[in-house]
Amino acid sequence: QKEVEQNSGPLSVPEGAIASLNCTYSDRVSQSFFWYRQYSGKSPELIMSIYSNGDKEDGRFTAQLNKASQYVSLLIRDSQPSDSATYLCAVALFGNEKLTFGTGTRLTIIP
Amino acid sequence: GAVVSQHPSRVICKSGTSVKIECRSLDFQATTMFWYRQFPKKSLMLMATSNEGSKATYEQGVEKDKFLINHASLTLSTLTVTSAHPEDSSFYICSASPGVTSGNTIYFGEGSWLTVV
């Protein structure tokens, strides 16, 4: 059974610190990995996508992928209160737009 | 950038009636769109894959006769919840992608809150 697992949290991080979000997936053939941010009552918003092993950085966000360990993470540097949201990890087969979502991690940045 | 729009954003309907939700890709064509449902504090669950010009593909456990999907053009897919019941109350979200040219980036609509009373 294809699964994507995340710690549901809540995860509380002081403002300015690094927030670390983790995700594991069970389907070894997965090739595309995404992190979405979802504010309460709103639709998910794409934060990062990653397809190759290693790190990918975009501003304050860094996605890390380790296919051997079937693990993908998201680091948020210099956390801001506006980063408080639920972060969803999503996985897909390459070129397949059907996403399998994790349950999401609720992140709270404490001012 | 690519935008996916849903309408209505909120709808209240009486139990037993049907309600239609539209999903439009505003500046790209999408041969495939996806419909998700999300209950409060839960993750998104894929309901079905909407295919332009052909029948939708439903996920296991999703009733195709209850959740009618029509993908009549390359920019529009509709989800009709038929004979709605209170347990159908949920947040319905569609997604679409411009395809390989965008790195297969997937865009979500704003979502539609359905309340069945």
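Chain letters run A, B, ... following the sequence lines, proteins first and then strands; every chain starts at 1. As the structure is a computational prediction, the values presented were derived from the model and not from experiment.
- For the pair A:Leu88 and B:Ser43, the tightest heavy-atom approach, listed with the atom from each and the gap, is CD2-OG, 4.0 Å.
- A:Ser43 places a side-chain N or O within 3.5 Å of a backbone atom of B:Gly109 that can act as its donor or acceptor partner.
- Hydrophobic clustering (ILVMFWY, side-chain heavy atoms < 4.5 Å, transitive): B:Ile93 and B:Leu46 are in one cluster.
- Remark: A:Leu99 CG to B:Ser97 OG distance equals 9.5 Å, nearest 0.5 Å.
- Proximity to chain A is absent for every atom of B:Gln6, based on heavy atoms less than 4.5 angstrom apart.
- Cluster membership for A:Ile47 and A:Val13, using ILVMFWY side-chain heavy atoms within less than 4.5 angstrom, is shared.
- Interatomic distance, B:Thr57 OG1 to A:Lys98 NZ, rounded to the nearest 0.5 Å: 7.5 Å.
- Hydrophobic clustering (ILVMFWY, side-chain heavy atoms < 4.5 Å, transitive): A:Phe33 and A:Leu74 are in one cluster.
- Chosen from A:Ser8, A:Ser49, A:Gly41, the residue pairing most often with chain B at heavy-atom distances under 4.5 Å is A:Gly41.
- Enclosure of atom NZ in B:Lys66 by more than 12 non-hydrogen atoms of other residues, nucleotides or ligands within 6.0 angstrom is indicated.
- Here the rule is side chain to side chain contact (heavy atoms under 4.5 Å, CB included) with A:Pro44, and of B:Tyr36, B:Phe108, B:Tyr107 only B:Phe108 fits it.
- Side-chain contact between A:Gln38 and B:Leu44 is present, with heavy atoms from C-beta onward closer than 4.5 Å.
- Using a 4.5 Å cut-off between non-hydrogen atoms, no part of residues 61-70 of chain A approaches chain B.
- Residue A:Phe101 is not grouped with residue B:Met33 when hydrophobic side chains (ILVMFWY) are merged at heavy-atom distances under 4.5 angstrom, including chains of intermediate members.
- Linking Ile, Leu, Val, Met, Phe, Trp and Tyr residues whenever their side-chain heavy atoms come within less than 4.5 Å leaves B:Leu114 and B:Ile12 in two separate clusters.
- The OG1 atom of A:Thr103 sits 14.0 Å away from atom NZ of B:Lys41, with the distance rounded to the nearest 0.5 Å.
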